[in-house]
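Both backbone and side-chain heavy atoms feed into the values below; hydrogens, waters and symmetry mates do not.
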There are 2 protein chains.
Amino acid sequence: MNGLTIGKIAKQAGVSSDTVRFYERCGLIEPAGRTDSNYRIYREEDIVRLSFIKRAKDLGFSLSEIRVLLSLSHDPGTTKADVKRITGEKAEKIRRKIKDLTRILEALEQLNELCDGHGPADDCPILQSLNRESGGQCH
Amino acid sequence: MNGLTIGKIAKQAGVSSDTVRFYERCGLIEPAGRTDSNYRIYREEDIVRLSFIKRAKDLGFSLSEIRVLLSLSHDPGTTKADVKRITGEKAEKIRRKIKDLTRILEALEQLNELCDGHGPADDCPILQSLNRESGGQCH
DNA sequence: CTTGACATTGGACCATGGTCAAATGTTTAT
DNA sequence: ATAAACATTTGACCATGGTCCAATGTCAAG
């Protein structure tokens, strides 16, 4: 038999068979060919595409962003600028997210420093601060 | 009438009425008292609790973490160390998340620098890199 | 030939944090 | 008195990214 079963490409790409079927359902990958016994059958190129998805996901792209990336990568009219825009926007999103988290972290650390960690919590400055609106405004 | 309707405390705390009812369903806030006409009725202290939830959420706590925080804050046996442990763990989680995102961001920026952004994408280094396993391993 | 490991399908379900709709009742303002 | 603006309930639904299940079929090894 030439061609891979779903379990094989799944393993190659580092995802589960369920996930491969899920991606097919979502239209992220083409419906696979079938054997006589109705098993999905894949070619080497399918590993490439699936791995593309996996790597992009590891880079923080959502499935819908990956869909765009994939369609760009298969459209001969796509320019480098198109691709760069997508990755640049994603980078910007991640930068914003990091900024948000950093702000939150700082607030949390400040809160943590207020409290010496000894004794009963009835006068815990952390709880007090959550109960009063005194603390730094978020948003 | 003394007491606030759901719309009023919702506004005071900066959430929607739906959200207040949702919090009640989840057990995050006690079932409110009722008027004769079955309207929920709240006291000033309820604004405090609801605002506590809102502020904690803005600090990145999940509802289940907030549940813990709230029960700690109402248990007289709670020590400052208990509270500090929760906020410290949360801070640590956020630090990890920031680290992850930073790693991803760096990979994305590297990818972005590979590409000059001019011309057709058929030889776009970003797409090429997503298609080959050469790029930096994630995880 | 049997057993185990794989495949198929449809559909339910997980967590998260709500949001929205419909049908109905109440309060308030004019 | 009537309309607008609020409230109630039940229950469905949103996105995200799958995971798990049962019932059934197929394939390969011994």
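Atom-to-atom, CD1 of B:I29 to P of C:dG18 comes out at 12 Å; the value is rounded to the nearest Å.
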Kindly indicate, with the supporting measurements, whether the criterion salt bridge (charged side-chain N to carboxylate O under 4.0 Å, His left out) is fulfilled by B:K84 and A:D116. CA-CA 9 Å; B:K84 254 196 123 159; A:D116 61 11; over 6 Å; no

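For B:S37, the listed nucleotide lying nearest its side chain is C:dT27; candidates were C:dT27, D:dT8, D:dT19.
Between the side chain of B:Y39 and the base of C:dG25, a donor-acceptor pair under 3.5 Å is found.
Each of A:I66, A:L69, A:V48, A:V15 was compared with A:I53 under the side-chain contact (heavy atoms from CB on, under 4.5 Å) criterion, and only A:I66 meets it.
Here B:D46 does not pair with B:R49 in a salt bridge; the nearest charged N to carboxylate O distance is not below 4.0 Å.
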Between protein and nucleotides 9-11 of chain D, what N or O pairs are separated by less than 3.5 Å?
{"residue": "D:dT9", "atom": "OP1", "partner": "B:R34", "partner atom": "NH1", "Å": "3.3"}
{"residue": "D:dT9", "atom": "OP1", "partner": "B:R34", "partner atom": "NH2", "Å": "3.0"}
{"residue": "D:dT9", "atom": "OP2", "partner": "B:R40", "partner atom": "NH1", "Å": "2.9"}
{"residue": "D:dT9", "atom": "OP2", "partner": "B:R40", "partner atom": "NH2", "Å": "2.9"}

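The heavy-atom pair separating B:Q128 from B:D122 by the smallest distance is NE2-O, 4.2 Å. Summarising the geometry of B:I41 relative to B:T35, their closest heavy-atom pair is CD1-CG2, 3.7 Å, with the distance given to 0.1 Å.
Contacts of residues 62-73 of chain B with DNA chain D (heavy atom under 4.0 Å): none.
Qualifying side chain to side chain donor-acceptor pair (under 3.5 Å) partners for B:S71, counting only residues two or more places apart in sequence or in other chains: none.
When side chains are defined from C-beta on, B:L105 counts as touching B:E109, because their heavy atoms get closer than 4.5 Å.
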